[in-house]
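Values below: all heavy atoms of this structure, side chains included; hydrogens, waters and symmetry mates excluded. The model shown is predicted, which means the values in this text are computed figures rather than measured ones. Lettering of chains follows the sequences in order, A, B, ..., and the numbering in each one begins at 1.
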Amino acid sequence: MAQVIGTLPWVVAPPGLSVAPPAPPGLQVTAVTPQLLLNAQGQVQPIQPAPAGPGPSPTAVAKAPPAASSCPEPPTVSQLGAKPPAPPGTEEDGINLEEIREFAKNFKLRRLSLGLTQTQVGQALTATEGPAYSQSAICRFEKLDITPKSAQKLKPVLEKWLREAEQRQREGQQHLLEFVGGEPGKKRKRRTSFTPQALEALNAHFERNALPTGAEITRIAQELRYEREVVRVWFCNRRQTLKNTSKLNVFHVP
DNA sequence: AGTATGCAAATAAGG
DNA sequence: TCCTTATTTGCATAC
């Protein structure tokens, strides 16, 4: 059977490594994130020409699609619980929902006892070997706003971390939020944030050709200064989004 | 300040 | 290798 943690080739990016931007002036390194301090990833971000307005106004993102958000979303744990017959022993695809619910509740309680925020837990998990999760993930887990499958995957990770965190507290609370363990670095690649300029360019390319060849993707990537893979995936996702939205519109003619 | 959440990157799985 | 489809997950920001 498939196992918990997937096997990702993405190497963990040790925080605090210096980027070597071969890029021209006006280089931008990943949008500043308030929640996570570590950026690393050593990814060269896109150049940022002259936007438009010299004004200091920060807000300038353009909303393209009107958004018809109602895709076939998978049911979350909490939703499943609201089903008619949901007596003791609720199970979904071999997953004990009750147990997960209980742990989620418990987890939150114990997290609070440790005096930690979701953000801190997320950071701790990120610093850890093994899978990393964000504040969002912790939040969703506690609320059970995730699929049973995801919850099942998260549970052991949180369980282990919590146990060790409590133990560390018990002993000298030396190193607050860190712990070693788990396998070698297997972490999800950090999510790329495209600049509005880059998105504009990407969309322009997409309009001309939604299915660029490998060579074209390479060119675009170089032009925009993003990893080729990132650009390739962008096109895949863009196609998917387009397909999904138009599919919806067929049945929803306003 | 923490937490919740919308949109969309990133990933998994089957060609 | 890279596509599609389905899904997981996180950045950014709203609350």
Nearest to the side chain of R191(A), which nucleotide is it out of dT8(C), dA9(B), dT3(B)?
-> dA9(B)
Can you tell me the distance, in whole Å, between the CD atom of E227(A) and the C1' atom of dA9(B)?
-> 12 Å
Look at the side-chain N and O atoms of K153(A) and state whether any lies under 4.0 Å from the OP1 or OP2 oxygen of dT9(C).
-> yes
Starting from the 5' end of DNA chain B, give me the residue, Q240(A) or K149(A), whose nearest nucleotide shows up first.
-> Q240(A)
Any side-chain heavy atom of L162(A) within less than 4.5 Å of one from V121(A)?
-> no
Which is it for Q240(A) and N244(A) under the side-chain contact (heavy atoms from CB on, under 4.5 Å) test, yes or no, and what are the steps along the way?
-> CA-CA 6 Å; Q240(A) 182 168 42; N244(A) 289 338; 3.7 Å; yes
Option from Q222(A), H205(A), E229(A), R228(A) for which side chain to side chain contact (heavy atoms under 4.5 Å, CB included) with I217(A) holds | R228(A)
Just compare dC3(C), dT11(B), dT8(C) and give me whichever is closest to any side-chain atom of S150(A).
-> dT8(C)
T119(A) side-chain proximity, nearest of dT9(C), dA12(C), dT3(B) | dT3(B)
Side-chain N,O (S193(A)) to OP1/OP2 (dA9(B)) below 4.0 Å | no
Nearest whole angstrom, please: distance from the P of dT7(C) to the CD of Q152(A).
-> 17 Å
Integer-rounded Å distance: dT8(C) P and I138(A) CD1 = 17 Å
Spacing of N237(A) atom CG relative to dT5(C) atom P, expressed in whole Å = 12 Å
Closest to the side chain of K243(A), out of dC11(C), dA10(B), dT4(C), is dT4(C)
Result for side chain to side chain donor-acceptor pair (under 3.5 Å) between R111(A) and one of E166(A), E142(A), Q120(A) points to E142(A)
What integer distance in Å separates L199(A):CG from dC7(B):P?
-> 15 Å
Among dA9(B), dC11(C), dT4(C), the one nearest any side-chain atom of C236(A) is dT4(C)
With a non-hydrogen cut-off below 4.0 angstrom, is R238(A) in contact with a base, only sugar-phosphate, or nothing?
-> nothing
Using whole Å, report how far CD of Q118(A) lies from C1' of dC15(C).
-> 14 Å
Indicate, yes or no, whether a donor-acceptor pair under 3.5 Å links the base of dT8(C) to the side chain of R188(A).
-> yes
K187(A) NZ - dG10(C) P separation (whole Å) | 10 Å
Separation of R238(A) CZ from E207(A) CD (nearest 0.5 Å) | 8.0 Å
Which of the following nucleotides, dT3(B), dC3(C), dC2(C), is nearest to the side chain of R228(A)?
-> dC2(C)
If you check the T117(A) side chain, which of dA4(B), dG6(B), dG2(B) turns out closest?
-> dG2(B)
Euclidean distance, atom CD of residue Q135(A) to atom P of dG10(C) [Å, nearest integer] = 10 Å
Given dA10(B), is OP1 or OP2 found less than 4.0 Å from the side-chain N or O atoms of T192(A)?
-> yes
Looking only at atom types and distance, does a side-chain atom of K187(A) sit under 3.5 Å from a main-chain N or O of T128(A), one as donor and one as acceptor?
-> yes
Tell me whether the OP1 or OP2 atom of dT3(B) has a side-chain N or O from R111(A) closer than 4.0 Å.
-> yes
Could you check whether the rings of W161(A) and F107(A) sit parallel, tilted or perpendicular, using 30° and 60° as the cut-offs?
-> tilted
Using only side-chain N and O atoms of S136(A), determine if any of them is under 4.0 Å from OP1 or OP2 of dG10(C).
-> no
For A151(A), which contact category applies under a 4.0 Å heavy-atom criterion: base, sugar-phosphate, or nothing?
-> nothing
Using a cut-off of strictly less than 4.0 Å, decide whether Y133(A) has a side-chain nitrogen or oxygen near OP1 or OP2 of dG10(C).
-> no
Compare side-chain N and O positions of W234(A) against OP1 and OP2 of dA8(B) and report whether any pair is under 4.0 Å apart.
-> no
Can you tell which of dG10(C), dT9(C), dT11(B) lies closest to the side chain of A137(A)?
-> dG10(C)
